[in-house]
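Along the sequence shown, residues carry numbers from 1.
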Amino acid sequence: MEKIPFVLGGNLQGGELVVAYPYDLVRSPWKTQEHTPTPDDHVFRWLAYSYASTHRLMTDARRRVCHTEDFQKEEGTVNGASWHTVAGSLNDFSYLHTNCFELSIYVGCDKYPHESQLPEEWENNRESLIVFMEQVHRGIKGLVRDSHGKGIPNAIISVEGINHDIRTGGVSLQKLSLACRRVRCAFALSSSSTMIVRPPQPYGTVPHSSPDPVTTKVSPLRNF
């Protein structure tokens with residue numbers, strides 16, 4: 001994940017019908033369940049909903065619960081730490097140490113379905129998988145360049161109002177986002193840059209093609 005800058009990931013599991021998003025680890029000592037959102041909670045909730053809402057069963061109010069917990073009140077999604085705390089999860093690691101937004105997707109009540117059930121399970125999840133992958137086109141994307149047009153590697157990208165920065169993969173940038181916010185670019189050696197970005201898609205839509213890029217002048221943060 002350090003060599004290839006993924007921005008979206010889903011680990012598929014069984015035994016439940018729900019999409020869990022980070023954080024997975026509670027922050028309060030001695031608690032085993034506590035709602036623990038990330039600074040990008042609105043993005044994670046949308047990503048989880050994009051999968052759950054297009055699954056054949058996850059948001060079907062007529063279906064029975066898999067075991068004892070009913071996730072219908074959150075439309076087939078749950079904050080991982082509010083469900084059960086997990087230390088060192090892939091979801092938390094990916095968010096804290098890479099650019100990847102990772103979710104745990106529980107695709108069926110049966111943890112070990114019989115091979116005869118696999119065609120039906122595939123149909124239950126097929127559209128959801130496609131829609132989930134399409135979310136990779138959300139947010140901003142492009143190249144970070146200095147005033148001479150030269151690419152700036154490992155630039156730090158900061159979005160105003162979100163206390164979570166990312167680094168570009170080489171000189172290219174992609175960050176998942178749902179709304180237009182002021183984007184600032186921080187780096188050590190250059191005094192100004194041009195960032196070519198694509199504007200984010202409106203909330204609640206599934207993009208099928210990328211919009212035309214726009215060029216935005218940005219200035220570095222001096223105090224990082």
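Rounding to the nearest 0.5 angstrom, the gap separating the CZ atom in Arg64 from the CG atom in Leu57 is 10.5 Å. For the atom pair OH (Tyr106) and CZ (Phe71), the distance works out to 9.0 Å, reported to the nearest 0.5 Å. One distance of note links CD1 of Ile157 with NE2 of His164; it measures 12.5 Å at 0.5 Å rounding. Between Leu17 atom CG and Asp70 atom CG the span is 11.0 Å, to the nearest 0.5 Å. From Phe44, atom CZ reaches atom CG of Leu103 across 6.0 Å, with rounding to the nearest 0.5 Å. Considering OG1 of Thr77 and CD1 of Ile105, their distance stands at 12.0 Å, rounded to 0.5 Å.
With a 4.5 Å cut-off on side-chain heavy atoms, Tyr95 and Ser89 do not count as touching. Within the 4.5 Å cutoff, the side chain of Ser104 has heavy atoms near those of the Gln13 side chain.
Heavy-atom neighbours of Glu69 CD from other residues, nucleotides or ligands within 6.0 Å: above the threshold of 12.
Asn154 approaches Arg167 most closely through the heavy-atom pair O-NH1, 2.9 Å.
In terms of modelled atom types and a separation under 3.5 Å, the side chain of Asn79 and the main chain of Ser82 share a donor-acceptor contact. With Gln72 contributing its side chain and Met58 its backbone, the two residues share a donor-acceptor pair below 3.5 Å. Side chain of Thr38 to backbone of Tyr23: no donor-acceptor contact under 3.5 angstrom is found.
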Using the side chain to side chain contact (heavy atoms under 4.5 Å, CB included) rule, take Glu102 and Asp24 through it: C-alpha gap first, then chi angles, then the decisive distance, then the call. CA-CA 11 Å; Glu102 183 99 13; Asp24 290 331; over 6 Å; no

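Asn125 and His55 share a side-chain donor-acceptor pair at under 3.5 Å.
For the pair Asp41 and Arg45, the salt-bridge criterion is met [side-chain N within less than 4.0 Å of a carboxylate O].
None of Glu123, Glu127, Arg126 except one satisfies the side chain to side chain contact (heavy atoms under 4.5 Å, CB included) rule with Arg56; the exception is Glu123.
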